[in-house]
Amino acid sequence: MPEGPELFLTSQYINNMCGGLIFSGRVEKSQVSKNSDVPFESEEYLISATSRGKELKLTLTPVKWGNSPSCKEQDCGSQGPKGGQEPMGLIFRFGMSGSFKMTLAAEIPKHAHLRFYTKESPPRALCFVDVRRFGGWEVDGSWQPNRGPCVMLEYEKFRENVLKNLSDKAFNRPICEALLNQKFFNGIGNYLRAEILYRLKIPPFEEARTVLESLQHREQSSATTLSKKVKLKRENPDLLELCHMVPMEVVRQDGKGYNPDSSADSAAFEEWLQCYSVPGMNSLCDANGRTIWFQGEPGPLAPKGGKQRKKRSKTKADPEGSSPKVTKSGARKNLKTGTYQEAADGTRGRKKKGKPAQEKTEDAGGTSARNPNTRARRKAIASQESPAVVSVAESRKRRSSARKDTATAAAAPRSRRVKVK
DNA sequence: CGTCCACGTCTAC
DNA sequence: TAGACCTGGACGG
């Protein structure tokens, strides 16, 4: 569940579940986790949480610790009353799959890599669950220094940090890539960047500086009266305002954003998405291998066909032709399709790792042409929201066929929309 | 069964 | 700027 809104919602979940709850004992780490041990132990302690962009801080506070004024500087410097222990701050990053969950201690979920036990009678446990283990924690307690202000909770600072640093080379990048730079956009992730750019129909591969410089002007001139400015802002939010507002929309939705655990929530979330992974939208792989979803033109800095070839060549230097056989048509087949996607994506495919040689043949490429018709058609399909017009079955069928046409995965969200049906 | 894909960083060539 | 790091769901054959 990991972009800014999910981290924030998780902090609320923790505070709601743990307010007034007494935890006890030590903090337990799974055998498999490579993260550091958490050297905290207390007979009675409380847990609270806060978030900042894509980080979440847990504070463990021994009940007897600093609550009474007398205890403050005196005992605690060394040892608190109960063998005590000072409050500890833990910073979590969620990677691709981190989340927190409160369960019965007897029912610790799979992939729960850090566990905090309550003192209740059937004890419960607050668990940091992370299937892929890209997430982790630091006992240090301070926000990662190279990450910028939170787009949701420190909006003014966030905005200033961006506008005062437009000379930074980070803004040489396409706007879609800059939006993932946590030094400036702490909390924005892959679905948010797509949704944000989509609201303004900004081509994802327009240069970030170009897009953002235009905001400075607006900053000054523009409306005369204050009320006019306020109104203008509300009705025509600029890119940076949307970096705050769009994540806040997710928070306002009841469910928990990207949460695969709750089918109700995930259905609502998918319904909320206007662009990311939506059938009919275009998608391309950015320079970091991440898929950007968008509508309309990709923009001037879009990866060229050459780029895909590059990867290809890397694998094996043979641009076209040479190894026709290898083909692994399967793999490439997908890519193909005719949309921008395919055009660009040859590359994307994989960052495979472990296995060296492998096949890869890339090829497939020949067909890079992009087919506007196809795209348009898909879009149209996507837009038919009203069931009334088309039967569910029919619409489903069309979607799937569209998917097939485009061949690939890329274009089609495979599961998602289809699943929702 | 195998391939592709996923809400994100990190760090080594 | 490629991989590395991981698990598992959806698909295709």
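Reckoned from all heavy atoms, side chains included, excluding hydrogens, waters and symmetry mates. In what follows, chains carry the letters A, B, and so on, assigned in the order in which the sequence lines appear, proteins first and then strands, with residues in each chain numbered from 1.
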A:Phe116 CZ to A:Leu21 CG distance, which is reported to the nearest 0.5 Å: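 Rounded to the nearest 0.5 Å, the CZ-CG separation comes to 13.5 Å.
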Interatomic spacing from CZ in A:Phe294 to CE in A:Met281 - rounded to 0.5 Å: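 Going from CZ on A:Phe294 over to CE on A:Met281, the span is 10.5 Å.
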ring centroid sep under 5.5 Å plus plane angle under 30, A:Phe134 with B:dT9: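 Whether judged by distance or by angle, A:Phe134 falls short somewhere, so it does not stack on the base of B:dT9.
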From the list [options], which nucleotide is the closest neighbour of the side chain of [X]?
X	options	result
A:Arg147	B:dG8, B:dT9, C:dT7	B:dT9
A:Arg132	C:dG8, B:dA6, B:dG8	B:dA6
A:Thr291	B:dA6, C:dT7, C:dT1	B:dA6
A:Arg173	B:dC10, B:dG8, C:dT1	C:dT1
A:Arg133	C:dT7, C:dT1, B:dG8	C:dT7
A:Met96	C:dG8, B:dT9, B:dG8	B:dG8

Between [atom2] of [N] and [atom1] of [X], the distance in whole Å:
X	N	atom1	atom2	value
A:Asn181	B:dC10	CG	C1'	14 Å
A:Lys169	C:dT1	NZ	P	11 Å
A:Asn35	B:dG8	CG	P	18 Å
A:Glu177	C:dT1	CD	P	9 Å
A:Leu7	B:dG8	CG	C1'	11 Å
A:Asn146	B:dC10	CG	P	8 Å
A:Leu273	B:dA6	CG	C1'	14 Å
A:Glu3	B:dT9	CD	P	9 Å

Contact under 4.0 Å: [X] side-chain N or O vs [N] OP1/OP2:
X	N	answer
A:Gln144	B:dC10	yes
A:Lys110	C:dG8	yes
A:Gln182	B:dG8	no

Distance, P atom - from C:dG8 to B:dT9, rounded to whole angstrom: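 Per the computed distance, 22 Å lies between those P atoms.
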Test side chain to side chain contact (heavy atoms under 4.5 Å, CB included) applied to A:Val246 and A:Arg199, step by step: CA-CA 9 Å; A:Val246 174; A:Arg199 301 288 175 100; 4.1 Å; yes
Ring geometry between A:Phe94 and A:Phe100 (parallel below 30°, tilted from 30 to 60°, perpendicular above 60°):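 Ring orientation, 0 to 90° scale: tilted.
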Parallel, tilted or perpendicular: rings of A:Phe269 and A:Tyr191 (30°, 60°):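 It falls in the perpendicular class, over 60°.
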Sugar-phosphate, base or nothing in reach of A:Arg193, heavy atoms under 4.0 Å: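 Since no nucleic acid heavy atom lies under 4.0 Å of A:Arg193, the category is nothing.
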Nearest non-hydrogen partners of A:Pro237 and A:Leu242, listed with the distance: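 Heavy atoms only, the tightest pair is CG-CD2, 3.8 Å.
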Residue whose closest nucleotide on DNA chain B lies nearer the 5' end, A:Asn190 versus A:Glu138: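 Nearest-nucleotide comparison on DNA chain B picks A:Asn190.
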